[in-house]
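Working notes, beginning with the structure itself.
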There are 2 protein chains.
Amino acid sequence: MIKEIKEHRSIRNYESTPISQEVLDQLLESATRASTTGNMQLYSIVVTQDAEAKQKLGACHFNQPMIAQAPMLVTFCADMNRFSQWCAQRDAAPCYDNFLWFTNATIDTVLASQNFALAAEHEGLGVCYLGTTVYTAKSIIELLDLPKGVIPITTLVVGYPASTPPLTDRLPVRGVVHYEKYNHYTAEQIDEIWSEKEQSEETKTLLEQNKLDNLAKIFTQNRYKAADNIAISKSFFDVLVAQDFFNQK
Amino acid sequence: MIKEIKEHRSIRNYESTPISQEVLDQLLESATRASTTGNMQLYSIVVTQDAEAKQKLGACHFNQPMIAQAPMLVTFCADMNRFSQWCAQRDAAPCYDNFLWFTNATIDTVLASQNFALAAEHEGLGVCYLGTTVYTAKSIIELLDLPKGVIPITTLVVGYPASTPPLTDRLPVRGVVHYEKYNHYTAEQIDEIWSEKEQSEETKTLLEQNKLDNLAKIFTQNRYKAADNIAISKSFFDVLVAQDFFNQK
């Protein structure tokens, strides 16, 4: 298990080989065994396999080529709708249309998605998480016909790998772990934590490609620009409100 | 791997046996191998082992007896502080103090926590997620001395199990999975999805204990009451704003 966890890499090249229902059922069952708030299972898993539907949904993820290659997209959604509907049918007044339950359901959703991802890798499949889910949540809601009380949180591309890239680097473990209290980083510690990453050949190549003088600027000036961050923040929060996750009166 | 995932149960009785640093290092490294937004690792992991510190932190989790028994609490925090500090030191203007990055960092945090949990179970340890983390986020921030840009999302109790309970039930997989589009549940489908759970011996016992006539009312009237939900929603959102995750001007 630990070996498999440590072997994880995001796969961005896929074979078109379909995933059997038998294998998919294993992954879905694995997802539902994850820990969940009060055993309420506050998520829904939407499987997209139809080629046309996958293409339309792929437009919400900037039409990355891997989406056309892979046989499956799986959208993991925070879902208070199903539980609230059950309560209403049982004459029990639900009160889950607020930010606490957005948070609880989001945690449930990601726990389920990670079980799914690890089970998929165990079955020889590759996966890639798509952060674009949050950027285009409104369009995804329309395409998947999600009702109020449901909001997409993350998406997995799933398929058999056409190629397996090397492991990506990580900050040293000591850089993200704290004992007893938070370690308020000194400037020297920050330098030390990032030093290996900043000196890697990969970074040197990136800096040449991006014509920038350090790695941090690639993040702030190219990958995640301030104006985009603010615009997406607002649009995703608006979607959250529209989907009934912020009725706090 | 899949077998282990399917064997997960939350452990609520622990031996006091300590966890070796060697084992802990395996779990921490497993956590850092999880997928992460742009390979930014937007989380911090705070390990609490000191008995007095564990007792104080335990008060934020309603002093559940398992917290005193188990040798370790691990608080998983969404962290934009470390990355922003690095950017600032590199003359790259960070803009991560907004709701988009609360969401991205929360997803990163939960992916890391689930890797940690599964690796722990692989090592023969038991875990239990504490949803109370969100309820008392403000007190946890004070106790762990978390700076702005950091907010606790979830906590794991970790230790060797003193007893292993039976697997808890789940809704049938078909009840939480949708193909191509969201299945707008009919009343009959909701009844069918919950029927096994509602008819179980466990539910009958719960109804007698709670003196209520159906399971849904146990959730709405006892476990998660409307007034509490609203109060916690507001307090957690206030904490999020205070920790600089909502500067969207």
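Residue numbers begin at 1 in each chain, while the letters A, B, ... track the order of the sequences.
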Point to revise | Which portion of A:N39 sits near chain B, non-hydrogen atoms under 4.5 angstrom | key: both
Exercise for review: With side chain to side chain contact (heavy atoms under 4.5 Å, CB included) as the test, would you mind laying out the steps for B:V176 and A:R82 before giving the verdict?
Suggested key: CA-CA 9 Å; B:V176 302; A:R82 182 179 56 243; 3.4 Å; yes
Practice item. Tell me, out of B:Q89, B:Q189, B:R9, who's got the most heavy-atom pairs with chain A below 4.5 Å. Key: B:Q89
Check your understanding: Side chain, backbone, both or neither: which part of A:E123 has a non-hydrogen atom closer than 4.5 Å to chain B?
Key -> side chain
Practice item. Test salt bridge (Lys or Arg N to Asp or Glu O under 4.0 Å) on B:D191 and A:R90 and set out the steps. Key: CA-CA 10 Å; B:D191 287 343; A:R90 295 294 179 272; 2.8 Å; yes
Study note, to complete from the structure: Cut-off 4.5 Å, heavy atoms of chain B, and the answer for A:E7 is neither
Check your understanding: B:Q49 side chain to A:E180 main-chain N or O, any donor-acceptor pair under 3.5 Å?
Key -> no
Check your understanding: Tell me, side chain or backbone of B:E121 under 4.5 Å from chain A's heavy atoms, or both, or neither?
Key -> neither
**Study point:** Heavy-atom contact with chain B under 4.5 Å, split by part of A:D213
**Key:** neither
Check your understanding: Would you say B:Q85's side chain and A:I190's backbone share a donor-acceptor pair under 3.5 angstrom?
Key -> no
Practice item. Would you mind reporting whether A:I153 and B:I107 have side-chain heavy atoms less than 4.5 Å apart? Key: yes
**Study point:** Pairwise side-chain contact, B:K217 with A:D91, heavy-atom cut-off 4.5 Å (strictly under)
**Key:** yes
Check your understanding: Is chain B contacted by the side chain of A:I218, its backbone, both, or neither, given a heavy-atom distance below 4.5 Å?
Key -> neither
Exercise for review: Determine, stepwise, if the pair A:L100 / B:Y135 fulfils side chain to side chain contact (heavy atoms under 4.5 Å, CB included).
Suggested key: CA-CA 9 Å; A:L100 169 62; B:Y135 300 10; 4.3 Å; yes
Exercise for review: Measure A:A88 against the heavy atoms of chain B and call it side chain, backbone, both or neither at under 4.5 Å.
Suggested key: neither
Review point. Looking at B:V173, B:T48, B:D145, B:L240, which one has more heavy-atom pairs under 4.5 Å with chain A than the rest?
Key: B:D145
Exercise for review: Heavy-atom distances under 4.5 Å only: say whether A:T186 touches chain B with side chain, backbone, both or neither.
Suggested key: backbone
Point to revise | Region of A:N183 in contact with chain B, defined by heavy-atom distances below 4.5 Å | key: neither
Exercise for review: Determine whether more than 12 heavy atoms belonging to other residues, nucleotides or ligands lie under 6.0 Å from atom CD of B:Q221.
Suggested key: yes
Check your understanding: Has the side chain of A:Q26 got a donor or acceptor atom that lies under 3.5 Å from a matching backbone atom of B:I2?
Key -> no
Practice item. Answer yes or no: is there a side-chain heavy-atom contact under 4.5 Å between B:L118 and A:Q114? Key: no
Check your understanding: By a 4.5 Å heavy-atom criterion (distance strictly below it), what part of A:V150 contacts chain B: side chain, backbone, both, or neither?
Key -> side chain
Practice item. With a 4.5 angstrom heavy-atom cut-off, could you sort out which part of A:T168 is near chain B: side chain, backbone, both or neither? Key: both
Review point. Can you check whether A:Y96's main-chain N or O pairs, donor with acceptor, with B:N229's side chain at less than 3.5 Å?
Key: no
**Study point:** Main-chain N/O of A:K3 paired to B:H122 side chain as donor or acceptor, under 3.5 Å
**Key:** no
Exercise for review: Would you indicate whether the side-chain heavy atoms of A:N115 and B:H8 approach each other to under 4.5 Å?
Suggested key: no
Point to revise | Greater than 12 external heavy atoms within 6.0 Å of B:K181's NZ | key: yes
Exercise for review: Step by step, work out the side chain to side chain contact (heavy atoms under 4.5 Å, CB included) result for B:Y185 and A:N81.
Suggested key: CA-CA 9 Å; B:Y185 301 99; A:N81 168 63; 4.2 Å; yes
Practice item. Verify, without hydrogens or angle tests, whether B:Q41 (side chain) and A:L171 (backbone) share a donor-acceptor contact under 3.5 angstrom. Key: yes
Review point. What part of A:T103 lies closer than 4.5 angstrom to a heavy atom of chain B: side chain, backbone, both or neither?
Key: side chain
Check your understanding: Got a sec: does the NZ of B:K54 have more than 12 other heavy atoms crowding it under 6.0 Å?
Key -> yes
**Study point:** A:D228 atom CG, over 12 foreign heavy atoms within 6.0 Å
**Key:** yes
Review point. Going by heavy atoms in the side chains, are A:Y224 and B:M40 under 4.5 Å from each other?
Key: yes
Review point. For A:F102, is it the side chain, the backbone, both or neither that has a heavy atom under 4.5 Å from a heavy atom of chain B?
Key: side chain
Exercise for review: Answer with side chain, backbone, both or neither: which region of B:A187 has an atom nearer than 4.5 Å to a non-hydrogen atom of chain A?
Suggested key: both
Practice item. With rounding to the nearest 0.5 Å, note down the distance linking OH in B:Y179 to CG in A:D50. Key: 14.0 Å
Review point. Do B:L144 and A:Y182 come close enough that some side-chain heavy atom pair is under 4.5 Å?
Key: no
Review point. Is atom CD of A:Q21 surrounded by more than 12 heavy atoms (other residues, nucleotides or ligands) closer than 6.0 Å?
Key: yes
Point to revise | Which atoms of A:A119 approach chain B - backbone, side chain, both or neither, heavy atom under 4.5 Å | key: both
Exercise for review: Side chain from CB out, backbone as N, CA, C, O: work out which of these in A:V177 comes under 4.5 Å of a heavy atom of chain B, or both, or neither.
Suggested key: both
**Study point:** Side-chain donor or acceptor of A:R33 paired with backbone N/O of B:E4 under 3.5 Å
**Key:** no
Exercise for review: May I ask you to decide if the ring planes of B:F99 and A:F236 are parallel, tilted or perpendicular, using 30° and 60° as cut-offs?
Suggested key: parallel
Check your understanding: In terms of heavy-atom proximity below 4.5 Å to chain A, should B:L24 be classed as side chain, backbone, both, or neither?
Key -> side chain
Review point. Quick one: does B:W86's side chain get under 4.5 Å of A:K197's, heavy atoms only?
Key: no
Point to revise | Test item: B:S113 and A:L111 side chains (from C-beta on) under 4.5 Å apart, heavy atoms | key: yes
